[in-house]
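In this text the structure is predicted, and so the values were computed from the model without any measurement.
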2 protein chains.
Amino acid sequence: MSKQLTMSDIARMAGVSTATVSRVLSNHPMVREETRDRILSLVKEHRYEPSYVARNLSTRRTHTIGVVVDDISNPFFMELAKGVELVLQKNGYTMLLTSSGWDPAKEADLIRTLLRNRVDGVLLTPVHPESESTEVMRRNGVPFVVMNCHSDNESVSYVSTDNVEGGRLAAELMLRTNLTRFLCLSGVPHQSTSERAEGFIHEIRSHGRGNDLAVYDEVRTFDDGYNIVPSLIARNRLDAVSTGIFTSNDFVAMGILEGLIAHRIPVPSQVSVIGYDDIAFAERYRIPLTTVIQAKHSMGQLAADELMELIQDRNHNPARLLLKPRLIVRDSCTAAQSHEPRSAVP
Amino acid sequence: MSKQLTMSDIARMAGVSTATVSRVLSNHPMVREETRDRILSLVKEHRYEPSYVARNLSTRRTHTIGVVVDDISNPFFMELAKGVELVLQKNGYTMLLTSSGWDPAKEADLIRTLLRNRVDGVLLTPVHPESESTEVMRRNGVPFVVMNCHSDNESVSYVSTDNVEGGRLAAELMLRTNLTRFLCLSGVPHQSTSERAEGFIHEIRSHGRGNDLAVYDEVRTFDDGYNIVPSLIARNRLDAVSTGIFTSNDFVAMGILEGLIAHRIPVPSQVSVIGYDDIAFAERYRIPLTTVIQAKHSMGQLAADELMELIQDRNHNPARLLLKPRLIVRDSCTAAQSHEPRSAVP
DNA sequence: GCCTAGCATGTAACCGCTTACATAATCTCT
DNA sequence: AGAGATTATGTAAGCGGTTACATGCTAGGC
């Protein structure tokens with residue numbers, strides 16, 4: 001209570017040296033059973049908790065992993081973090097979690113703090129795949145795995161989703177139904193969202209429907225989606241018999257749906273909408289949303305697994321994983337069946 | 001690259017002792033300016049990052065706070081964590097985040113791990129306000145603040161919301177509109193949800209409307225909410241001219257709404273529904289949900305602030321904060337105006 | 001009975017910092 | 001000029017563990 005117990009306290013009480021206590025606590029085999037029991041019971045009795053701080057200094061390993069995500073309160077990243085935590089806990093590691101707020105400078109700062117804490121490895125969702133942060137880690141020889149972003153650098157491990165494929169899936173579905181026109185609302189260039197758009201566009205074109213396709217850039221938020229509807233109407237983009245709209249995230253898709261409802265445009269009979277991410281309640285939105293889903297949880301797990309590998313074997317071959325996205329068909333899209341609540345009473 | 005630089009490397013290069021380097025790095029004033037500059041430029045040049053592990057051992061402080069929440073992927077807790085992180089970062093602390101999955105045994109285990117890491121303090125959303133965990137921390141003299149839960153123990157600091165008041169607010173709104181019957185769907189006894197119900201019930205009764213009130217227990221999930229609708233109908237609970245239903249969380253409320261829609265019962269004209277929490281998309285649910293909101297972000301901030309106080313001043317008077325909840329009125333409730341999307345084009 | 005092997009434990013250096021105390025150098029004041 | 005105060009730096013003892021190496025002991029083989 002008054003003063004933290006230390007190993008030498010236990011050693012003194014047991015009438016042995018600290019070396020022996022240390023051996024017992026780290027399961028070293030070379031200890032007589034009787035001694036071991038005596039020490040363990042003292043440890044239990046006095047509720048001694050060994051200091052990892054001291055141990056870390058001595059062993060030069062911390063069993064701590066730094067995790068840097070863009071936004072800690074964003075469900076996407078937390079789903080990710082949960083997968084990470086699962087694996088780390090199983091391997092006896094703890095997690096130093098921080099968030100960069102999409103700011104590269106802050107990201108680099110956080111990495112530096114993690115290095116000072118001598119973390120054994122880092123998992124991050126980088127703002128940019130190659131940056132000061134990765135440079136710093138490489139220089140310090142700290143193993144790291146990039147999440148939700150792929151790197152062109154051959155030597156870095158990453159776990160991400162195949163965004164191009166995700167866009168392709170959406171296009172594929174739309175092509176199967178007999179839509180007469182396609183709209184692609186893309187996000188910021190050179191980011192995951194634009195890869196999604198790219199996949200969509202490529203698939204449409206390669207089916208010879210490029211002429212029925214229009215593309216809009218910089219549509220990123222719910223409000224962007226809502227606000228673009230009137231202008232689409234003005235440009236006669238929605239008066240075709242049936243139009244398919246692909247958006248690179250669910251927020252935009254929901255904005256669009258809201259806009260369509262406000263303008264009394266029937267969904268999905270006249271306009272089909274496909275989003276991306278399957279954020280919470282996409283499933284239970286006013287019009288349940290067809291969307292492309294990423295396996296966030298596995299992404300976290302796989303990344304953590306890979307990091308564990310890297311830590312154990314420094315010249316382990318970097319894994320470059322691209323998870324396959326999956327299309328979830330719901331009411332917002334022509335092909336869908338009618339919506340039933342998940343657990344409807346029969 | 002090959003070997004981590006240490007302070008004595010820098011000291012040797014600068015031709016001084018480690019003590020001087022240490023003084024420079026911790027902004028001790030008693031160093032000649034010229035010496036300071038020389039050292040700092042060497043530090044910068046060689047990108048030396050001091051080891052917090054060693055520093056922590058030496059100073060017996062880690063500037064690390066353990067945070068234990070129930071579920072790391074739950075938006076509520078992450079909103080909380082974000083508030084926490086903000087304050088910690090501002091104060092130069094890092095966060096060791098873990099989640100207990102509502103398991104008291106695991107919670108206690110996590111706390112023990114945190115203690116071994118010699119965290120300077122702990123923030124937790126305890127499964128139960130008094131438990132092995134709090135006991136362990138008290139015994140070790142580690143300052144802690146309880147979040148989202150109030151404790152009867154005079155000596156523990158907590159930051160929570162006034163759940164009774166939240167329930168009362170819901171009742172107040174319902175009483176102002178001329179509803180003829182009230183339903184209260186409560187969660188698990190002895191938890192925050194039941195306090196909410198308690199506040200609701202008390203307010204209804206104290207307005208002499210106890211006879212128009214029915215209470216159901218153990219309704220906790222979306223599905224519970226959905227499934228209870230038919231039985232309410234069967235027991236003629238909803239055939240009154242207008243009924244108000246209070247649920248102790250938004251999931252239940254959404255389930256109820258879904259059930260009502262499925263049974264073609266008009267909302268809010270025949271039944272009004274009020275939820276609790278304002279989870280994401282409550283605002284944009286099929287029927288925008290009237291709900292009681294908690295200031296999660298401030299809760300995290302306040303708790304972290306309090307912990308900082310506690311750390312600086314060991315016999316600081318424990319703060320016992322009960323934040324006021326706020327009622328957000330939306331379409332699911334009679335008193336509401338018609339729903340307009342947040343950014344509707346004029 | 002002696003040598004050697006193997007087991008159980010102790011000794012002490014080390015991990016990379018901080019900091020109380022000692023020391024040296026410079027300044028101030030009578 | 002010398003005492004005392006002040007400033008800048010060095011010395012070395014921790015902090016609480018780990019672990020290579022040394023040591024003592026017991027037992028087996030000859």
Side-chain angles (χ1 to χ4, degrees), chain A residues 2-40 42-43 46-64 92 113 115-120 140-142, chain B residues 2-40 42-43 46-64 92 113 115-120 140:
Chain A
S2 59
K3 198 131 214 141
Q4 280 273 8
L5 275 181
T6 72
M7 213 153 96
S8 48
D9 294 322
I10 301 290
R12 192 172 342 98
M13 295 191 269
V16 297
S17 73
T18 62
T20 303
V21 178
S22 175
R23 286 192 191 100
V24 169
L25 292 177
S26 44
N27 285 317
H28 194 98
M30 206 70 75
V31 184
R32 198 150 39 111
E33 186 148 338
E34 190 250 315
T35 321
R36 177 183 301 276
D37 291 346
R38 181 155 39 98
I39 292 174
L40 283 180
L42 278 169
V43 165
H46 294 87
R47 299 191 169 86
Y48 164 66
E49 302 286 352
S51 163
Y52 285 169
V53 177
R55 186 203 296 249
N56 292 346
L57 177 59
S58 191
T59 58
R60 260 146 305 174
R61 298 200 48 193
T62 55
H63 289 272
T64 298
T113 303
L115 293 183
R116 291 174 167 207
N117 280 294
R118 299 294 190 262
V119 294
D120 289 344
N140 284 61
V142 174
Chain B
S2 59
K3 199 132 216 140
Q4 280 272 10
L5 276 181
T6 73
M7 212 152 95
S8 49
D9 294 322
I10 300 290
R12 194 173 338 103
M13 295 191 266
V16 298
S17 74
T18 61
T20 304
V21 179
S22 175
R23 286 190 191 101
V24 170
L25 292 177
S26 44
N27 286 318
H28 194 98
M30 207 68 76
V31 184
R32 196 150 42 111
E33 186 148 338
E34 190 249 318
T35 320
R36 176 183 302 276
D37 290 347
R38 183 155 38 99
I39 291 174
L40 282 180
L42 278 169
V43 165
H46 293 89
R47 300 191 169 87
Y48 165 65
E49 302 287 352
S51 163
Y52 286 168
V53 177
R55 184 202 297 247
N56 292 345
L57 177 59
S58 190
T59 58
R60 261 147 302 173
R61 297 199 49 191
T62 55
H63 288 273
T64 297
T113 303
L115 293 183
R116 291 175 167 206
N117 279 293
R118 300 293 190 262
V119 293
D120 290 344
N140 284 61

NA contact type, [X], heavy-atom cut-off 4.0 Å: base, sugar-phosphate, or nothing?
X: A:Thr20; value: sugar-phosphate
X: B:Ser17; value: base
X: A:Val16; value: sugar-phosphate
X: A:Thr59; value: sugar-phosphate
X: A:Thr35; value: sugar-phosphate

Quiz item: Under 3.5 Å, side chain of B:Arg38 to main-chain N/O of B:Ala14, donor-acceptor pair present?
Solution: yes
Exercise. State the CZ-CG distance between A:Arg47 and B:Leu115, to the nearest 0.5 angstrom.
Key: 12.0 Å
Quiz item: Which distance, rounded to the nearest 0.5 Å, do you find between the OG of A:Ser17 and the CZ of A:Arg23?
Solution: 6.5 Å
Of the nucleotides [options], which has the atom closest to the [X] side chain?
X: B:Ser51; options: C:dC17, D:dC15, D:dT11; value: C:dC17
X: B:Ala19; options: D:dT9, C:dT9, D:dT11; value: D:dT11
X: B:Ser22; options: C:dT18, D:dG17, C:dC17; value: C:dT18

At under 4.0 Å, does any side-chain N or O of [X] touch on OP1 or OP2 of [N]?
X: B:Arg32; N: D:dT9; value: yes
X: B:Arg55; N: C:dT18; value: yes
X: B:Tyr48; N: C:dC17; value: yes

Starting from [atom2] on [N], measure out to [atom1] on [X] and report it in whole angstrom.
X: B:Leu5; N: C:dC15; atom1: CG; atom2: P; answer: 14 Å
X: B:His28; N: C:dT19; atom1: NE2; atom2: C1'; answer: 9 Å
X: B:Met7; N: C:dC14; atom1: CE; atom2: C1'; answer: 16 Å
X: B:Arg60; N: C:dC17; atom1: CZ; atom2: P; answer: 17 Å
X: A:Arg61; N: D:dG17; atom1: CZ; atom2: P; answer: 19 Å
X: A:Ile39; N: C:dA8; atom1: CD1; atom2: P; answer: 13 Å
X: A:Ile10; N: D:dG17; atom1: CD1; atom2: P; answer: 9 Å
X: A:Glu49; N: D:dG16; atom1: CD; atom2: C1'; answer: 15 Å

Quiz prompt | Close side-chain approach of B:Met7 and B:Tyr48, heavy atoms under 4.5 Å | solution = yes
Quiz prompt | Student check: side-chain heavy atoms of A:Ser51 and B:Arg116 closer than 4.5 Å | solution = no
Self-check item: Given DNA chain D, 5'-ward residue of the pair B:Arg23 and B:Leu57, judged by closest heavy atom
Solution: B:Arg23
Practice problem: Please confirm whether any donor atom in the side chain of B:Ser58 sits under 3.5 Å from an acceptor in the base of D:dG14, or the reverse. | Solution: yes
